[in-house]
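Counting starts at 1 for both ligands and their atoms, in listed order. Every heavy atom of this structure was used, including side-chain atoms; hydrogens, water molecules and symmetry mates were not.
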Amino acid sequence: MIDLRSDTVTQPCAAMREAMARAEVGDDVYRDDPSVRALEHEAAAATGKAAALFASSGTQTNLLALMSHCERGDEYIAGQDAHVYQYEAGGAAVLGSIQPQPLDFDARGQLPLDKVEGAIKADDQHFARTRLLALENTQHGRVLPLAYLRAARELVDRHGLAMHLDGARAYNAAVALETDLATICQPFDSVSICLSKGLGAPVGSVLCGSDALIQRARRWRKMLGGGMRQAGVLAAAARIALSDGPGWLPDDHRRAAHLHKRLSQLPGASVRADWQQTNMVWLDFEHDAGSALVAHCSQHGVTISAKARVCRMVLHRDISDHQADEAADVIAAFFNN
Ligand SMILES: *Cc1c(COP(=O)(O)O)cnc(C)c1O
């Protein structure tokens, strides 16, 4: 099957499986696992932060970040459709007693900074304490410009807030901007990076930030049941994701651009041209074609997920040039018939 549902579906490559089999391990709760320590050291260096913490998922690293920045009764500002607010089961509210202040993204996937500023609460007993701005990059495959990140930093500095990056796909943003990851992460106090998406690791995310923040996050991770023992078997694969994974992403972006182009002239469907910046292709339908398209694709060896009138396709290392073309043929046949 050609699986375009997400870049989370990548299988660990042969080098990862071999590294997992050979990994030197120890009990990571005692900080005795050399593979985890090496991964954390490398992730901190890549993001330009002092320290890093390996965790089971990006949902967990985002939650650890929110709980480490905010206390009970504090508030974070995030996008209405941001992963951390919308797709993490309300963890920050449920487990952290942290209130979200969601704001609509604009047409480019950015939180308008005047709206952010307007949402920051005054120091008044009626209000939750606004503590943190959480941004997402890439946002639905769209890249936040560096100038926007700098302006957001100036804003949070003016108001004494911290700033967290949900950088699940921050490496994709770095590739698109032809810059390094540390430049993308520089304006942020903390950054969460998924190693299990386009970077190809089977499991894991890292949270990067100051020593003090990571120390707090380590305690929360233990409390949440996320302290792992011989986690080096996972870290071994994650280290390859971190070192080799970014080199695979330009191919994903090129294949996404190709698929986008192949789908750009279909009757009854239109691609979102300005959203095609990294490894995702977004296709809108004029009618409620989603479930019929999913069924058609599945009959022809292509797995997608779609809502009634929109489909997001995600390119990744396990989709070759040829398979991207094949998927385009299958989808085009649906709309042409
Ligand atoms: C995938 C993703 C996460 C984390 O997801 P997990 O499946 O928990 O690793 C966080 N934020 C964004 C934007 C994501 O796409």
For S57, atoms of ligand 1 separated by under 4.0 Å from a heavy atom: 8 (O), 9 (O)

Protein contact of atom 7 (O) of ligand 1 - nearest heavy atom, named by residue and atom, plus distance: T59 OG1, 4.5 Å

Polar proximity ligand 1 side, R169 side, N/O cut 3.5 Å exclusive: yes

Distance flag for atom 11 (N) of ligand 1, protein heavy atom under 4.0 Å: yes

Lys/Arg-Asp/Glu bridge criterion (N-O < 4.0 Å) met for K121, E75: yes

Within-cut-off N or O pair, S196 and ligand 1, under 3.5 Å: no

Minimum non-hydrogen distance to atom 2 (C) of ligand 1, winning option of K197, Q86, H140: K197

Pair D321 + R254, salt bridge at N-O below 4.0 Å: yes

Contact (N/O only, under 3.5 Å) between C194 and ligand 1: no

Shortest protein contact, atom 6 (P) of ligand 1 (heavy atom only): G58 N, 3.6 Å

Test item, Q139 contacting ligand 1 (heavy atom, 4.0 angstrom): no

Min N/O separation E136 to ligand 1 under 3.5 Å: no

Any N or O of S205 closer than 3.5 Å to N or O of ligand 1: no

Shortest non-hydrogen contact between L111 and A134, atoms and distance: CD1-O, 4.2 Å

